[in-house]
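Encoded as structure tokens, the structure appears first; notes follow it.
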Amino acid sequence: MPSHSLLQLGPLLPALEDRLAQRYSVHPLWKEPDAAAFLAARGAEFVGLVTSARYGADQALIDSLPALKVISSFGVGLDAFDLDAARARGIAVGYTPDVLNDCVADTAFALLMDVARGISAADRFVRRGDWRTGQFPLATKVSGKRVGILGLGRIGQAIARRTSGFDMEVRYHNRRALNDVPYVYEPTLKGLAEWSDFLVIASAGGGGTRGLVSREILDALGPEGYLVNIARGSVTDEDALIDALVHRRIAGAGLDVFTHEPHVPEALMALDNVVLLPHVASNTHETRADMARRVEDNLAAFFAGRPLISAAV
Ligand code: 8YV
């Protein structure tokens with residue numbers, strides 16, 4: 001018998017939607033022709049909000065749900081959430097950290113390998129028939145190189161662990177040094193970029209990191225350096241990145257995230273030294289199933305009066 005009323009902001013995995021519908025009374029907001037009018041008329045009915053890292057929950061939405069007690073988000077990123085607004089109202093916010101670390105780190109490594117060795121570019125070369133008449137250009141060696149990680153959190157550490165099989169050296173930059181990691185801390189991002197062959201962005205998005213990877217940082221990375229971003233497009237100055245790539249002031253970039261998804265700047269499409277992914281770092285059957293379970297478990301814990309399994313607030 002469905003009980004508590006939940007508002008769902010956008011489509012999620014069909015299996016998750018089915019299971020939520022068995023336990024709760026779920027209303028799909030994105031199917032409403034006039035969401036604002038719907039929220040004004042019926043916003044007070046909902047105690048729970050199901051959303052994702054992509055859809056988030058801003059202050060206006062939280063304000064339009066006066067009975068809201070719990071938010072359960074599919075994803076680890078919290079940059080699209082107004083956590084202060086939730087905190088002020090005593091609303092619990094659940095999310096899905098940890099379960100996606102491996103897949104996101106795997107994708108970072110895949111992008112790093114791809115952009116350095118030209119895997120996608122070589123695939124295009126074969127498909128175009130160019131192999132019949134020519135030789136694919138030389139690529140860049142990965143093993144033994146230096147990896148700088150911006151944001152050595154749970155995902156950053158999973159990326160760092162993957163480098164050991166490639167005999168790579170790791171350094172990192174965070175707001176502050178960590179005590180319990182075997183990697184050298186670079187006190188400035190510029191210093192990290194100067195040192196790195198590969199600069200990998202694994203930090204959170206949002207106001208605290210917006211535009212951190214600026215023209216100056218890209219120039220510090222230099223013409224032999226590669227950028228990999230599996231975090232948020234907002235962490236880079238995208239115009240500066242395009243300029244650095246077009247003018248070969250950096251060697252290349254592997255990007256899973258962009259500033260205005262799903263829009264990918266046209267200038268990037270023409271470049272063979274750029275690997276472009278449609279924000280798929282956590283997008284495997286296994287990890288998405290684990291994320292879905294965490295969305296459910298956070299809700300179940302809340303409605304059973306227990307602490308959330310993973311609480312952001
Ligand atoms: C997902 C993500 O694409 O978890 C995140 O923060 O960016 C990705 O795992 C996202 O959750 C889907 O909305």
Side-chain angles (χ1 to χ4, degrees), residues 6-17 19-20 26 28-30 48-58 61 70-83 86 93-111 149-159 200-210 212-213 228-236 238 254-264 275-299 308-313:
L6 307 184
L7 185 68
Q8 185 182 330
L9 218 49
L12 294 167
L13 282 187
L16 172 60
E17 292 187 352
R19 290 200 303 273
L20 289 175
V26 185
L29 183 63
W30 76 99
L49 176 69
V50 187
T51 180
S52 73
R54 174 169 163 212
Y55 311 131
D58 61 14
L61 178 68
V70 61
I71 297 174
S72 188
S73 175
F74 183 91
V76 68
L78 294 165
D79 45 309
F81 289 80
D82 192 328
L83 294 182
V93 180
Y95 70 138
T96 69
D98 298 317
V99 294
L100 41 58
N101 295 349
D102 282 337
C103 277
V104 177
D106 292 349
T107 304
F109 229 86
L111 283 170
I149 300 178
L150 170 58
L152 197 71
R154 293 171 281 216
I155 293 171
Q157 292 185 37
I159 295 168
V200 182
I201 305 175
S203 65
T209 57
R210 195 173 306 283
L212 265 190
V213 177
V228 171
N229 191 357
I230 46 73
R232 287 292 182 265
S234 61
V235 185
T236 61
E238 200 163 77
L255 306 172
D256 186 44
V257 289
F258 303 88
T259 305
H260 301 293
E261 296 174 9
H263 169 74
V264 175
V275 181
L276 305 168
L277 298 184
H279 199 146
V280 289
S282 69
N283 198 17
T284 64
H285 292 293
E286 295 88 340
T287 288
R288 288 292 166 94
D290 288 346
M291 292 164 70
R293 207 166 302 119
R294 187 61 59 88
V295 168
E296 286 182 274
D297 290 349
N298 278 333
L299 286 170
L308 306 192
I309 315 298
S310 326
V313 169

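Each ligand, and each atom within it, is numbered from 1 in the order the structure gives.
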Check: G77 N/O within less than 3.5 Å of ligand 1 N/O: yes
Per atom 5 (C) of ligand 1, closest listed option by heavy atom (V104, V76, V257, T51): V76
Residue selection (non-hydrogen contact nearest atom 2 (C) of ligand 1) among R54, E261, H279: H279
Note the single closest protein heavy atom to [atom], along with its residue, its atom name and the distance in Å.
{"atom": "atom 9 (O) of ligand 1", "value": "S282 OG, 2.8 Å"}
{"atom": "atom 1 (C) of ligand 1", "value": "R288 NH2, 3.6 Å"}
{"atom": "atom 11 (O) of ligand 1", "value": "F74 O, 3.0 Å"}
{"atom": "atom 10 (C) of ligand 1", "value": "A53 CB, 4.0 Å"}

Salt bridge present between D290 and R293 (N-O < 4.0 angstrom): yes
Is the shortest heavy-atom distance from the side chain of [X] to the side chain of [Y] under 4.5 Å?
{"X": "L6", "Y": "L299", "result": "yes"}
{"X": "V26", "Y": "E17", "result": "no"}
{"X": "Y95", "Y": "V76", "result": "yes"}
{"X": "D256", "Y": "V280", "result": "yes"}

Would you mind running through ligand 1 and noting each atom that sits below 4.0 Å from a heavy atom of [X]?
{"X": "S52", "value": "13 (O)"}
{"X": "L100", "value": "4 (O), 9 (O)"}
{"X": "M291", "value": "9 (O)"}

Donor-acceptor contact below 3.5 Å, side chain Y55 vs main chain P11: yes
No-hydrogen, no-angle side-chain donor-acceptor test under 3.5 Å, R232 and T209: no
